[in-house]
Student: 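Quick one: structure below, then a few questions.
So that the names make sense, note that chain A is the first sequence line, chain B the second, and so on, each numbered from 1.
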Number of protein chains: 2
Amino acid sequence: MSDDAARLEAVVTQFRKAGINGALADCPVRGILDKISDKWSMLIVLELAPGAMRFNQIRRAIPDISQKMLTQTLKELQRDGLVSRTVFPTVPPAVEYELTELGVSLLRPFSILVEWADARYQQIERARSDFDAQAVA
Amino acid sequence: MSDDAARLEAVVTQFRKAGINGALADCPVRGILDKISDKWSMLIVLELAPGAMRFNQIRRAIPDISQKMLTQTLKELQRDGLVSRTVFPTVPPAVEYELTELGVSLLRPFSILVEWADARYQQIERARSDFDAQAVA
DNA sequence: CAGCATCCGTACTGATACTG
DNA sequence: CAGTATCAGTACGGATGCTG
């Protein structure tokens with residue numbers, strides 16, 4: 001438990017780490033976290049976990065993503081080095097997306113977060129009901 | 001490693017878990033993740049990690065949050081059962097915010113994610129530079 | 001001290017139509 | 001198949017002023 005306390009303090013320190021111009025908002029860790037916590041990034045990374053996929057294959061796997069958002073998010077993931085893009089010069093063209101080593105390394109921390117959410121979401125929903133009931137009264 | 005593969009498959013399953021009306025977008029796990037990944041929630045949870053704090057104390061600790069967002073985010077965290085709010089009927093009023101057991105339980109998964117970001121952000125920034133240089137060429 | 005209410009700009013998103 | 005381009009709606013977030 002004191003181990004937890006120590007690592008927690010370290011985490012807070014990392015989180016306060018300022019960016020180039022010294023502003024808290026430029027903390028590189030926060031920047032990364034913002035990126036990966038957008039609406040679709042995580043979902044795509046998870047879909048790619050089992051192996052390479054083609055554009056429309058990913059699209060079918062995530063029915064409620066728009067084509068624009070898929071393109072855009074894949075490009076960001078590629079830019080961040082989490083996903084690689086390979087074009088096969090066939091007709092019609094085929095493009096494969098695959099997690100890089102960096103992308104794969106994200107799976108573990110993320111899966112831990114998902115496990116937390118899965119273990120606790122009922123508790124959270126109960127808390128919300130209680131809170132809302134309280135608010136009415 | 002096959003252990004990782006097994007837990008990963010479980011995570012994907014959780015992530016596909018549909019909500020009440022069966023739509024993917026209502027996946028309870030995704031709902032929770034959306035919540036905690038907003039601009040300020042995590043920051044506040046981290047600030048509260050060492051112990052209870054008062055409203056303006058938190059505000060000073062996070063200089064770039066507006067009063068509106070602090071109020072709003074604290075209310076959401078309270079609604080989700082992650083933070084407790086205690087009012088001391090003094091003049092002027094004092095209000096203390098503190099992590100609940102549920103809030104504390106989030107520290108570990110989150111700290112793991114922060115540690116990942118801290119260990120990798122330089123690699124990500126390098127990937128971005130490379131990508132942008134490539135795009136120009 | 002600890003909020004609430006309002007206004008307003010912008011950034012994110014989706015729908016739609018078009019291309020190599 | 002795998003995108004690009006454009007437009008329009010919305011939700012997020014900040015600045016400001018006011019209250020118990």
Side-chain angles (χ1 to χ4, degrees), chain A residues 23-27 30-44 47-48 52-80 83-98 131 134-136, chain B residues 23-27 30-31 33-44 47-48 52-80 83-98 131 134-135:
Chain A
L24 253 174
D26 292 329
C27 167
R30 281 169 68 181
I32 304 299
L33 259 36
D34 277 1
K35 273 282 172 196
I36 63 173
S37 71
D38 76 25
K39 199 174 179 186
W40 302 110
S41 295
M42 278 307 172
L43 223 35
I44 294 175
E47 289 296 337
L48 290 177
M53 289 178 85
R54 295 180 54 181
F55 187 86
N56 279 315
Q57 201 178 352
I58 304 173
R59 207 182 164 179
R60 280 189 298 272
I62 309 176
D64 49 349
I65 193 172
S66 70
Q67 179 271 352
K68 173 187 173 181
M69 281 302 108
L70 181 54
T71 302
Q72 185 177 307
T73 309
L74 280 171
K75 197 176 294 178
E76 285 166 10
L77 291 173
Q78 189 196 353
R79 188 172 110 96
D80 291 345
V83 163
S84 67
R85 192 186 110 117
T86 311
V87 182
F88 296 94
T90 56
V91 178
V95 181
E96 264 192 12
Y97 293 91
E98 188 171 15
F131 183 88
Q134 194 82 18
V136 175
Chain B
L24 253 174
D26 292 330
C27 167
R30 282 170 67 182
L33 259 36
D34 276 2
K35 273 282 173 197
I36 63 172
S37 72
D38 75 25
K39 199 174 178 185
W40 302 111
S41 295
M42 277 307 169
L43 223 34
I44 294 174
E47 288 297 336
L48 289 177
M53 290 178 83
R54 295 180 55 181
F55 187 86
N56 280 315
Q57 201 178 353
I58 304 173
R59 209 183 162 179
R60 279 188 298 271
I62 310 175
D64 49 349
I65 193 173
S66 69
Q67 180 269 349
K68 173 187 173 180
M69 281 302 108
L70 180 54
T71 303
Q72 185 176 307
T73 308
L74 280 170
K75 197 177 292 176
E76 285 164 9
L77 290 173
Q78 189 194 353
R79 189 173 109 96
D80 292 344
V83 162
S84 67
R85 193 186 108 119
T86 313
V87 182
F88 297 93
T90 55
V91 178
V95 181
E96 263 192 11
Y97 293 91
E98 189 171 15
F131 184 88
Q134 194 82 18

Student: Return the minimal non-hydrogen interatomic distance between A:A61 and A:P63, and the atom names on each side.
Tutor: O-CD, 3.4 Å
Student: Determine the minimum heavy-atom distance between A:M53 and A:I58, stating which atoms define it.
Tutor: CB-CG1, 3.7 Å
Student: For the side chain of A:S66, starting at C-beta, report the closest nucleotide among C:dG3, C:dG20, C:dG14.
Tutor: C:dG14
Student: Whether A:R54 contacts D:dA2 is assessed here as follows: a side-chain N or O lying under 4.0 Å from the phosphate OP1 or OP2. Is that the case?
Tutor: yes
Student: Heavy atoms only, 4.0 Å cut-off, all strands: where does B:R85 land among base, sugar-phosphate and nothing?
Tutor: sugar-phosphate
Student: Rounded to whole Å, how long is the line connecting atom CH2 of A:W40 with atom C1' of C:dA11?
Tutor: 17 Å
Student: For DNA chain D, determine which residues of residues 67-75 of chain B have any heavy atom closer than 4.0 angstrom to one of its atoms, and list them numerically.
Tutor: B:K68, B:M69
Student: In whole angstrom, what separates A:F88's CZ from C:dG20's P?
Tutor: 24 Å
Student: For A:R59 and D:dG3, give me the distance from atom CZ to atom C1', rounded to whole Å.
Tutor: 10 Å
Student: List the atom of B:K35, the atom of B:D80, and the distance in Å for their closest heavy-atom pair.
Tutor: CD-OD2, 3.6 Å
Student: Which whole-number value in Å describes the distance from A:D38 CG to C:dG14 P?
Tutor: 11 Å
Student: Closest heavy-atom contact between B:V87 and B:R85?
Tutor: CG2-NH2, 3.4 Å
Student: Nearest whole angstrom, please: distance from the P of D:dG13 to the CD1 of B:I62.
Tutor: 13 Å
Student: Can you name the salt bridge (Lys or Arg N to Asp or Glu O under 4.0 Å) partners of B:E47, sequence neighbours left out?
Tutor: A:R16
Student: Starting at CD of A:Q67, measure out to CG of A:N56 and round the result to the nearest 0.5 Å.
Tutor: 8.5 Å
Student: If I take atom CD in residue B:E96 and atom P in nucleotide C:dC1, what distance separates them, rounded to the nearest angstrom?
Tutor: 15 Å
Student: Please give, in whole Å, the distance from C:dA2 C1' to B:I65 CD1?
Tutor: 14 Å
Student: With the side chain of A:K39 defined as its heavy atoms from C-beta on, choose the nearest nucleotide among C:dT13, D:dC1, C:dA2.
Tutor: C:dT13
Student: What heavy-atom pair brings A:D64 and A:W40 nearest, and what distance separates the two atoms?
Tutor: O-CH2, 3.3 Å
Student: Distance check needed: C:dC1 P versus B:Y97 OH, whole Å only.
Tutor: 14 Å
Student: Look at the side chain of A:P93 and decide which nucleotide, out of C:dG3, D:dG3, C:dG20, has an atom nearest to it.
Tutor: C:dG20
